[in-house]
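For this chain, numbers begin at 1 and follow the sequence in order.
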Amino acid sequence: MCGMASAESTQASVHEREPVRPTKEDEVAAAGSELIGGPLGRRALLGSSWWTPVRVIALVAIGMFALGLVQKAPCYNGAWFFGASSQYTHACYSDIPHLYQGRGFADGLVPYFDRLPGDMQYLEYPVLTGVFMEVASWLTPGSGTIQDQEQWYWMVNAGMLMVCAAVIVVCVTRTHARRPWDGLLVALAPAAALTATINWDLLAVALTAAAMLMWSRGRSLAFGVLLGLATAAKLYPFLLLGPLMVLCWRAGRWREFGTALGGAIVAWVVVNGPVMLFAFEGWSKFYTFSQERGVDFGSFWLIMAQNSDDPLSTDTVNTLATLLMLVCCAAVAALALIAPRRPRFAQLAFLIVAAFILTNKVYSPQYVLWLVPLAALARPKWRDFLIWQACEVAYFLGIWLYLAYTTSGDAHKGLPTDGYHWAIGLHLLGTLYLCVMVVRDIFMPDRDPVRRSGDDDPSGGVLDGAKDVFVLGPAARPRRQVADAQFDGPPVEWGKPGPTGGSL
């Protein structure tokens, strides 16, 4: 009988660790799988060959990245260099080739230390991104025409950014161990493929995705270091510390949060400190430029400005945008403390970055890259993800057609101002829609695809299955009466880790 009990417990353990199959629980994934032979059957040998989910998804991501490079071909072959609007009518614009000469890399100038000859006196990017740009310039041949060099520079950056894209999908795939196939959301995201080589945002996104993976594994120091490096490449990653602090407050995990915060600060200082000390004016350009920059593309502030006879000043917009963001931060904090079950870290991370995007005075099309990995972890539902992506693709086309209209003179080829406002509205509504779905999942955990499959917070690390020590509102009542009555998935015992996935 002891042998039988051991066998039964082993079978139960194997069953608990079985990866979630999207084709079994997601109707859109099931329908889409018909293109490659249909949903997985119960006898499928998952992970029994070289073609593990991580490898498959990484190859898909590289393939999509390559398609994004092909989409830039008209610009690579001439539109970046000839004609004012052709790079916009082909929707293949990229900052990368233009800034090779425009920011002094062609002339061997040192970022932050050497003053630039044009209107922009210093490089207006954070230090780690500047290092990335400089390394790419070292790998660019200095012979040939300036067009040849800019083409090489873009290709070198594209190769380096492709590595970042692969890191992102691998990290997302491994973060939710029982849901590896959710990584396909990132790999197949059309807006990500279209915007991957517009700018250098993938560096910060890759570091943030790696940080999320480290936190999910309980490595708070590694999380902090990676997040500090990500913030040294782009400003937005530091926002994740806010939701994490509130979640650790609710769970009483101050030590882990303190370790993460300390690691982030040290990593950021190590990267920024030398440049700050010896080239402060150049180092501070990113921050002063962000402050002084007027209302720009993609924001609701632009719609207001272009429809007003007396638009708000830049200082006023800065103040109002900051206040709106603070209100959103307070709302996310309250949500974390009053929700019937403690929200998942990925859910709040998505909401806080989305709030920053929605309230900011500028939305460049590549900013969608910030949200793609977080959306896949926060709301791994194909229907909602594709609705949002459709809105982002519409905005991607809208901004280039609008720029084509404004640069084509009397020909007026492209999208007029009113049409561009509709494109902005689609972007805003698509992002808000996904936010609403995530908030609904937080208040109704039985609607959350991750929790329906029996997990608590697989990206939460030490928060996964932890007991609450500080809650507000209805969440302060006994949990079994508040949340578990609503939750129709496999139960998760609070104070014990939920089931974790097998190896990938």
Side-chain angles (χ1 to χ4, degrees), residues 58 61-81 87 90-112 116 120 122-170 186 189 191-210 229-230 232-237 271 286 364-370 372-373 396 400:
I62 292 171
M64 285 293 290
F65 191 93
L67 290 177
L69 300 185
V70 172
Q71 191 267 334
K72 300 293 185 290
C75 280
Y76 181 86
N77 292 326
W80 285 330
F81 315 105
Q87 60 185 333
H90 289 94
C92 55
Y93 174 84
S94 172
D95 289 323
I96 295 173
H98 297 299
L99 296 188
Y100 176 67
Q101 186 176 28
R103 296 300 180 266
F105 296 105
D107 301 319
L109 300 181
V110 180
Y112 312 109
L116 301 173
M120 189 67 66
Y122 293 98
L123 183 66
E124 74 279 21
Y125 286 85
V127 172
L128 199 58
T129 297
V131 171
F132 191 94
M133 299 162 75
E134 178 74 354
V135 170
S137 72
W138 295 342
L139 300 174
T140 300
S143 59
T145 65
I146 188 62
Q147 178 179 334
D148 294 334
Q149 294 177 42
E150 289 179 352
Q151 288 174 323
W152 266 107
Y153 187 64
W154 181 80
M155 285 299 297
V156 169
N157 275 282
M160 295 167 66
L161 292 171
M162 183 171 65
V163 174
C164 294
V167 169
I168 292 166
V169 294
V170 169
V186 181
L194 291 169
T195 61
T197 57
I198 290 178
N199 204 280
W200 292 269
D201 293 64
L202 278 181
L203 172 62
V205 177
L207 290 167
T208 304
L229 293 175
K234 204 76 179 179
L235 187 60
Y236 86 90
V271 173
F286 165 69
S364 298
Q366 73 271 12
Y367 290 0
V368 67
L369 297 168
W370 306 356
V372 168
F396 173 85
W400 305 131

(request) Kindly indicate whether the side chain of Val131, heavy atoms from C-beta on, has any atom under 4.5 Å from the side chain of Tyr112. (result) no
(request) Search all heavy atoms of Leu109 against all heavy atoms of Leu116 and return the closest pair with its distance. (result) CD1-CD2, 3.9 Å
(request) Give a yes or no on this: more than 12 heavy atoms of other residues, nucleotides or ligands lie within 6.0 Å of atom CH2 of Trp400. (result) yes
(request) Could I get the full list of side chain to side chain contact (heavy atoms under 4.5 Å, CB included) partners for Phe81, not counting sequence neighbours? (result) Gln147, Glu150, Gln151
(request) Check whether any side-chain heavy atom of Tyr153 lies under 4.5 Å from a side-chain heavy atom of Pro97, and answer yes or no. (result) no
(request) Please report the shortest heavy-atom distance between Leu123 and Gly130, naming the atom on each side. (result) CD2-CA, 3.8 Å
(message) When you compare the side chain of Val135 with that of Met160, does any pair of heavy atoms fall below 4.5 Å?
(response) yes
(message) Tell me if a side-chain donor or acceptor on Ser364 pairs with a main-chain N or O of Tyr367 at a distance below 3.5 Å.
(response) no
(message) Within this structure, what is the CG-CD distance for the pair Leu99 and Glu124, rounded to the nearest 0.5 Å?
(response) 6.5 Å
(request) Would you name the heavy atoms of Gln71 and His90 that are closest together and state the gap between them? (result) NE2-O, 3.6 Å
(message) Is any side-chain heavy atom of Pro373 closer than 4.5 Å to one of Val205?
(response) yes
(request) Please report the shortest heavy-atom distance between Ala204 and Ala233, naming the atom on each side. (result) CB-CB, 4.0 Å
(message) Applying side chain to side chain contact (heavy atoms under 4.5 Å, CB included), can you list everything that pairs with Asn77, at least two apart in sequence or on another chain?
(response) Ala73
(request) Give the minimum heavy-atom separation between His98 and Trp80, together with the two atoms involved. (result) CE1-O, 3.2 Å
(message) Nearest 0.5 angstrom please: Lys72 NZ to Met155 CE, how far?
(response) 13.0 Å
(message) A side-chain contact here means heavy atoms from C-beta on lying under 4.5 Å apart; do Leu161 and Phe132 qualify?
(response) yes
(message) Once rounded to the nearest 0.5 Å, what's the spacing between atom OG1 of Thr208 and atom OH of Tyr236?
(response) 3.5 Å
(message) So Leu207 and Leu128, do their side chains get closer than 4.5 Å, heavy atoms only?
(response) yes
(request) Can you see which heavy atom on Ala79 is nearest to which on Gln87, and at what distance? (result) O-CB, 3.6 Å
(request) Any chance you could measure Trp152, atom CH2, to Thr140, atom OG1, to the nearest 0.5 Å? (result) 8.5 Å
Pairs under 3.5 angstrom only: tabulate donor-acceptor contacts from the side chains of residues 191-203 to other protein residues two or more places apart or in another chain.
{"unit_1": "Thr195", "atom_1": "OG1", "unit_2": "Ala191", "atom_2": "O", "d": "2.8"}
{"unit_1": "Asn199", "atom_1": "ND2", "unit_2": "Asp95", "atom_2": "OD2", "d": "2.7"}
{"unit_1": "Asn199", "atom_1": "ND2", "unit_2": "Tyr125", "atom_2": "OH", "d": "2.9"}
{"unit_1": "Trp200", "atom_1": "NE1", "unit_2": "Asn157", "atom_2": "OD1", "d": "2.7"}
{"unit_1": "Asp201", "atom_1": "OD2", "unit_2": "Trp370", "atom_2": "NE1", "d": "2.8"}

(message) Can you confirm whether more than 12 heavy atoms, excluding those of Glu134, are under 6.0 Å from its CD atom?
(response) yes
